[in-house]
Amino acid sequence: MKRFRAITLVALLVALFAACTTPTPQVVIETQVVEKEVEVVKTVEVVKTVEVEKEVVKEVTVEVPVRADGLPEYTGGPAEIRFGWWGNDDRAARTLQVIQLFQDAYPEIKVIGEPNGGTADHFQIIDTQLAGNNAPDIIQFGGNYPDYIKYLEPLNDYLGKQLLIDTPERFDQTALIPATRDNKLWVVSLGTNTLILAYNKTMIEAAGVALPKDNMTWDEMIAYGRELKAKLPEGVWPFVDNSTNTANYMSYFYTQQGTPIWTLDDGGKSYATVESAKKWLQMWADMRAEGLIPDADTTATYGETGTDNSALVAGKAAIGLIWSNQLAAYQAAMTDKLGATTLPVGGEDSYVIQMSQYLGIYNGSKNKEAAALFINFFVTSPAAGAVLQTNRGVPCSPVVRAKIAAGATKTDAEVYRIYNVVADRTIPQGPNLPNDQEFVNELRLIGQAVAYGEKTVDEAAADLQALIERLAKK
C-alpha cells in the first residue's frame with residue numbers, strides 16, 4: 001500500500017497550525033490587484049489549465065469583487081437561509097455565535113440555525129427534509145456526502161468568487177481533493193481530525209497503573225487492559241465496547257489486515273473478507289468474556305454518539321474511542337482529567353488524518369450565493385475561527401490556524417501530539433462505503449447480536465460480509 005507522508009504536522013507543532021499537507025496537482029489560481037477603491041478591492045483571477053486527476057480544467061477569467069474587509073461582496077437582495085448540523089450543545093452555541101458574526105458582516109442575509117442532535121438523528125431529519133423538498137440551504141455532512149450528491153450544488157463556479165478557498169494561502173488545497181468527484185467540488189471541508197483513544201487519566205492514576213503508551217500493538221493493548229482490570233473498582237471496565245458502534249474503528253482494522261472495506265479502485269471496490277470480520281468480532285468477543293469491556297446490557301445503555309451517552313464520561317470505562325476534535329468536549333463534560341493515545345499498530349499502515357466534516361449547498365436552495373458566502377465565512381474568517389476553535393477539527397485555513405494558535409489549550413496540544421506520533425503510518429483518506437448511514441445502523445445490530453449471544457461470531461461475520469457486499473452494489 002502506498003504510504004502517505006503528507007500530514008505529519010511536525011510543522012503544526014512548530015507553528016501549531018502550519019499547512020498540513022504536501023503539494024498535489026491542482027487548479028492554480030494567480031491573483032493580481034488591478035484596481036483599488038476606498039471601499040472595494042477588485043481582483044482578476046486567471047485560472048490556468050493544469051492537469052487534475054488526469055482531467056483538464058478549461059482556462060477562464062473571472063472578475064472577483066472583494067470588500068475592504070476582505071470578504072466577498074454580496075450581490076443579491078435580502079435573503080434568509082437555513083443551516084442544519086449535528087453536534088452537542090457546545091457546538092450549537094459556537095455555531096450560533098458564528099451565525100451572528102456572519103449576520104453582522106452581511107446584514108442583508110438572515111441565517112436560521114437548525115441543530116439536529118446526534119449524527120444519526122441529523123441524517124434522519126435531513127433525509128426526511130430532502131424527500132419533502134424542504135432541506136436546509138446548507139447541510140453538514142461527513143464522509144458520506146457522496147450518498148447525497150444528487151441533492152448538492154456543484155461549487156466550482158463559486159471558487160474565487162463567493163468561496164475564497166482557491167489558493168494555498170487561503171485554504172489547504174489538498175482538502176479539496178476528497179471533496180471532489182468527477183472533477184466537481186461538492187462540499188467544503190471544515191477541518192481535519194483523526195481517531196484517538198481517550199483515557200481517564202485521573203482514574204488510571206488512582207488505580208496505580210501506568211498511563212497507556214502510544215503505538216501499542218493490539219496484543220499489548222489487550223494486555224494493558226488486563227492489568228487495568230485488576231486494579232479498577234467493581235463495575236468499571238478498562239475499555240468501552242467500540243466493536244460495532246462506529247464503522248471507522250473496524251475500517252481501520254480491516255485496512256491493517258490488507259482488506260479495506262471500500263476503495264475507489266476500478267470505480268469502487270471492496271476488499272473486505274469474512275476472515276477479517278471474524279478476527280475483528282472474535283477479538284471483541286474475547287475481550288467481553290474476560291471482562292475487559294462492559295457486558296451487553298451496559299453497552300446498550302450507552303449509544304456512544306456524544307458526551308451525553310458515553311460510558312467514558314459516565315465513569316463506566318477508562319478508555320474509549322473518540323474523534324480528536326471531540327476531546328475538548330469530552331474533557332468539558334468531566335471533572336476527571338483526560339489524556340489521549342493512539343490506536344494500536346499492526347499490519348499495514350492505516351491511520352488517516354481525514355476531513356472531519358463538510359458543508360454543502362442544497363441544490364434546491366433559492367439563495368445559493370448567500371449560502372456560499374456563509375460557508376466561506378465559516379471556514380476562512382479569523383473571527384469565526386476564534387469562536388469555533390477546533391470543535392470541528394483543525395481548520396484548513398492557514399490564516400485561521402494562525403489566529404487560534406495563541407489560544408491553543410492543553411487539550412489541543414494533546415491532539416497535535418497525536419498527529420505527530422502517527423505521522424509515519426498515515427495513509428490518504430479513503431471513501432466511505434456507499435449507503436454509509438445504513439451500514440452504521442446495521443453494523444450496530446450485528447454487534448448486539450453477538451454480545452447477547454443471539455449469533456455466533458462466525459454467523460455474525462457472514463452477515464457483516466453480506467452487508468458490505470449488498471451496500472456496495474445498492
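None of these values were measured; they are calculated from a predicted model.
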Classify the side-chain pair [X]/[Y] by whether it contains a donor and acceptor separated by less than 3.5 Å.
X      : Y      : result
Asp127 : Tyr148 : yes
Asn325 : Thr390 : no
Asn309 : Thr305 : yes
Asn248 : Ser251 : no
Tyr452 : Gln448 : no

- Message: Set out, in order, the CA-CA distance, both residues' side-chain angles and the distance that settles ring pair (Phe, Tyr, Trp, His ring centres under 6.0 Å) for Trp262 and Tyr271, then state yes or no.
- Response: CA-CA 7 Å; Trp262 189 245; Tyr271 294 91; 9.5 Å; no
- Should the pair Trp284 and Tyr249 be assigned to parallel (<30°), tilted (30 to 60°) or perpendicular (>60°) ring geometry? perpendicular
- Is it possible for you to check whether Arg392 lies under 6.0 Å from the centre of the six-membered ring of Phe378, through NZ or CZ, and within 45° of that ring's axis? no
Hey, does [Y] have a side-chain heavy atom less than 4.5 Å from the side chain of [X]?
X      : Y      : result
Glu442 : Asp463 : no
Gln162 : Tyr74  : no
Gln389 : Arg94  : yes
Phe171 : Val188 : yes
Val422 : Arg425 : yes

To the nearest 0.5 Å, what is the distance between [atom1] on [X] and [atom2] on [Y]?
X      : Y      : atom1 : atom2 : result
Leu281 : Ser276 : CG    : OG    : 10.5 Å
Leu152 : Asn363 : CG    : CG    : 7.0 Å
Glu348 : Thr255 : CD    : OG1   : 8.5 Å
Thr192 : Met355 : OG1   : CE    : 6.0 Å
Ile427 : Ser350 : CD1   : OG    : 6.0 Å

So, for [X] and [Y], which heavy atoms are closest and what is the spacing to 0.1 Å?
X      : Y      : answer
Pro136 : Ile126 : CD-CD1, 3.9 Å
Leu464 : Ala277 : CD2-CB, 3.8 Å
Gln103 : Val111 : OE1-N, 2.8 Å
Pro178 : Ala175 : CD-O, 3.7 Å
Ala333 : Thr307 : CB-CB, 3.9 Å
Pro115 : Ala92  : CB-CB, 4.3 Å

Test your reading of the model: is there a side-chain donor-acceptor pair from [X] to the backbone of [Y], 3.5 Å cut-off?
X      : Y      : result
Asp241 : Thr299 : no
Thr301 : Asp297 : yes
Thr180 : Asn183 : no
Gln140 : Gln357 : no
Glu459 : Val450 : no

Do the two ring centres, one from [X] and one from [Y], sit under 6.0 Å apart?
X      : Y      : value
Phe374 : Phe83  : yes
Phe123 : Trp86  : yes
Phe141 : Tyr358 : no

- Report the C-alpha separation of Thr380 and Ser397 in whole Å, then their side-chain angles, then the decisive distance to 0.1 Å, and conclude whether the side-chain hydrogen bond (donor to acceptor under 3.5 Å, both in side chains) test is met. CA-CA 6 Å; Thr380 68; Ser397 164; over 6 Å; no
- Message: side-chain hydrogen bond (donor to acceptor under 3.5 Å, both in side chains), that's the test. Do Glu469 and Ser270 meet it? Break it down for me.
- Response: CA-CA 8 Å; Glu469 292 176 358; Ser270 174; over 6 Å; no
- Sorted by chain and number, sequence neighbours left out, side-chain hydrogen bond (donor to acceptor under 3.5 Å, both in side chains) with Lys316 holds for none
- Could you check Asn193, Leu195, Thr426 and say which one makes a side chain to side chain contact (heavy atoms under 4.5 Å, CB included) with Gln354? Asn193
- Message: Does this structure show an ion pair linking Arg444 with Glu304, if we count only N-O contacts that are shorter than 4.0 Å?
- Response: no
- Query: Any ion pair linking Asp69 and Arg67 (charged N to carboxylate O, less than 4.0 Å)?
  - Reply: yes
- Task: Determine whether more than 12 heavy atoms belonging to other residues, nucleotides or ligands lie under 6.0 Å from atom CD of Gln124.
- Result: no
- Message: Set out, in order, the CA-CA distance, both residues' side-chain angles and the distance that settles salt bridge (Lys or Arg N to Asp or Glu O under 4.0 Å) for Glu438 and Arg470, then state yes or no.
- Response: CA-CA 11 Å; Glu438 183 177 352; Arg470 176 173 63 82; 3.1 Å; yes
- Message: Between Arg401 and Asp172, is the salt bridge (Lys or Arg N to Asp or Glu O under 4.0 Å) condition met? List the steps.
- Response: CA-CA 11 Å; Arg401 287 198 297 264; Asp172 296 336; 2.8 Å; yes
- Task: Keeping to residues at least two apart or across chains, list the salt bridge (Lys or Arg N to Asp or Glu O under 4.0 Å) pairs with something in residues 142-159.
- Result: none
- Task: Report the C-alpha separation of Leu197 and Thr342 in whole Å, then their side-chain angles, then the decisive distance to 0.1 Å, and conclude whether the side-chain contact (heavy atoms from CB on, under 4.5 Å) test is met.
- Result: CA-CA 6 Å; Leu197 292 175; Thr342 65; over 6 Å; no
- Evaluate salt bridge (Lys or Arg N to Asp or Glu O under 4.0 Å) for Glu114 paired with Arg82, printing each intermediate quantity in order. CA-CA 7 Å; Glu114 298 182 3; Arg82 296 157 52 209; 2.5 Å; yes
- Give the C-alpha distance, both sets of side-chain angles, the deciding distance and a yes or no for side-chain contact (heavy atoms from CB on, under 4.5 Å) between Asn242 and Asn245. CA-CA 6 Å; Asn242 292 125; Asn245 60 2; 3.2 Å; yes
- Kindly write out the residues that satisfy salt bridge (Lys or Arg N to Asp or Glu O under 4.0 Å) with Arg91, not counting sequence neighbours, or none if the list is empty. none
- Item | Candidate pair Glu73 and Val66, rule side-chain contact (heavy atoms from CB on, under 4.5 Å), full reasoning | CA-CA 6 Å; Glu73 283 190 337; Val66 178; over 6 Å; no
- Query: Stepwise, does the side-chain contact (heavy atoms from CB on, under 4.5 Å) test hold for His122 with Ile125?
  - Reply: CA-CA 5 Å; His122 169 74; Ile125 291 169; 6.0 Å; no
